[in-house]
Amino acid sequence: MKSSRDSLLQVFKLLLVSYGKQNWWPVDREYHRKEGSDPREEIVIGAILTQNTSWRNVEKALQNLKRVKALSFKRIIDITPEALQELIRPAGYYRQKAVYLKEVAFRLYPVSKVEKVSREELLEIKGIGRETADTILLYAGNRPYFVIDAYTKRIVKRVFGIEDNYEGLRKFFEENLPEDIELYKEFHALLDEHAKRFCKKIPQCEGCILTQLCTQPLR
DNA sequence: CCCCAGGCCGCGC
DNA sequence: GCGCGGCATGGG
């Protein structure tokens, strides 16, 4: 009987060999060097904008913010709600997200707070749910919290036959993986890539590299 | 026309 | 605790 620990690491290694390093989270370091802002601010802002939204649309919003040098907490706080709405419109839910961005920028200013803020404190901020909290903690705070998203839930259900709520799945990963921040970052990114390529809503199992150890391979 | 995309909130139960 | 409707743009 293989342990979950062995299987999880095996899945990680297979995905890594198959797809290569993903190097999440993408940030424009050159922009922040010039403007004197912090790349971690872009990660937090992107984490809000990408909620249930394709990254392609998020990139349009991020470009708009850069164009007016507003990709920073300070500018997000000072800009009018209406102006912020228009800049992030391509990312969808723009009225809600404008409120969320202002609240998050205010509460996490300066961005160095991501080094110390607790998960519970993040979850008290309107607009930050479990996934966004863990995304901020892992990718901006460089802290060992495993991010669970819809893709992760789908793959875990099919490959391991496990269905659980968010916290249950997070513990499944954190308790069965070495506490390695770079591993957490890369694994999450690889799971997303795999879900997009093969483990779609309607699974495309032909050519899937995980078929051998998957509990529910089709065909 | 349809469905989907790197969720969250507020509500009812 | 879980399920649901609302939120919105852009691509396939």
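Numbers restart at 1 for each chain; the letters A, B, ... are given by sequence-line order, proteins then strands.
With hydrogens and angles ignored, the 3.5 Å screen pairs a side-chain donor or acceptor of A/Q22 with a backbone N or O of A/G20. The backbone N or O of A/I162 lies less than 3.5 Å from no partner atom in the side chain of A/K157, so there is not a single donor-acceptor pair. Not a single donor-acceptor pair under 3.5 Å links the side chain of A/R75 to the backbone N or O of A/L65. For the pair A/K97 (side chain) and A/I88 (backbone), a donor-acceptor distance under 3.5 Å is absent.
Near DNA chain C, defined here as any heavy-atom distance below 4.0 Å, the residues from residues 55-64 of chain A are A/R56, A/N57, A/K60, listed numerically. Heavy-atom distances under 4.0 Å link DNA chain C to A/R89, A/P90, A/G92, A/Y93, A/Y94, A/R95, A/Q96 of residues 87-107 of chain A, given in residue order. Proximity of residues 185-197 of chain A to DNA chain B (heavy atom under 4.0 angstrom from any strand atom) is restricted to A/D192, A/K196. Using a 4.0 Å cutoff on non-hydrogen atoms, no part of residues 168-181 of chain A comes near DNA chain C.
The nearest whole Å value for the distance from the CD1 atom in A/I45 to the C1' atom in B/dG7 is 18 Å. Here the C1' atom of nucleotide B/dC8 and the CD1 atom of A/I125 are 14 Å apart, to the nearest Å. Counting to the nearest Å, the P atom of B/dG7 and the CD1 atom of A/I136 are 14 Å from each other. The interatomic distance linking A/K200 (NZ) with B/dC3 (P) rounds to 17 Å, in whole Å. What separates OH of A/Y166 from C1' of B/dC8 is a distance of 13 Å, to the nearest Å. Following rounding to the nearest Å, A/I128 (CD1) and B/dG7 (C1') show an atom-to-atom distance of 12 Å. The distance from atom CG of A/N52 to atom P of B/dC4 is 11 Å, rounded to the nearest whole Å.
Of the N and O atoms on the side chains of A/K74 and A/Y109, at least one donor lies less than 3.5 Å from an acceptor on the other residue. A/S118 and A/E121 share a side-chain donor-acceptor pair at under 3.5 Å.
Considering only heavy atoms from C-beta on, A/Y31 comes within 4.5 Å of A/K69 through its side chain.
Ring planes of A/W24 and A/H188: perpendicular class, angle over 60° (limits at 30 and 60°). Aromatic ring pairs are classed by plane angle as parallel below 30°, tilted from 30° to 60° and perpendicular above 60°; the pair A/H194 and A/Y19 is tilted.
For C/dG10 and B/dC8, the P atoms lie 22 Å apart once the distance is rounded to whole Å.
Remark: A/T53 is not in phosphate contact with B/dG7, judged by side-chain N or O atoms under 4.0 Å from OP1 or OP2.
Contacts classified as salt bridge (charged side-chain N to carboxylate O under 4.0 Å, His left out) and involving residues 141-156 of chain A (residues at least two apart or in different chains) are not found.
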Produce the list of close N/O pairs, under 3.5 Å, pairing protein atoms with atoms of nucleotides 1-4 of chain C; give distances to one decimal.
none

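In this structure, A/Y93 has its ring center at least 6.0 angstrom away from the ring center of A/Y100.
Within 4.0 Å (heavy atoms only), A/I48 reaches no atom of the nucleic acid at all.
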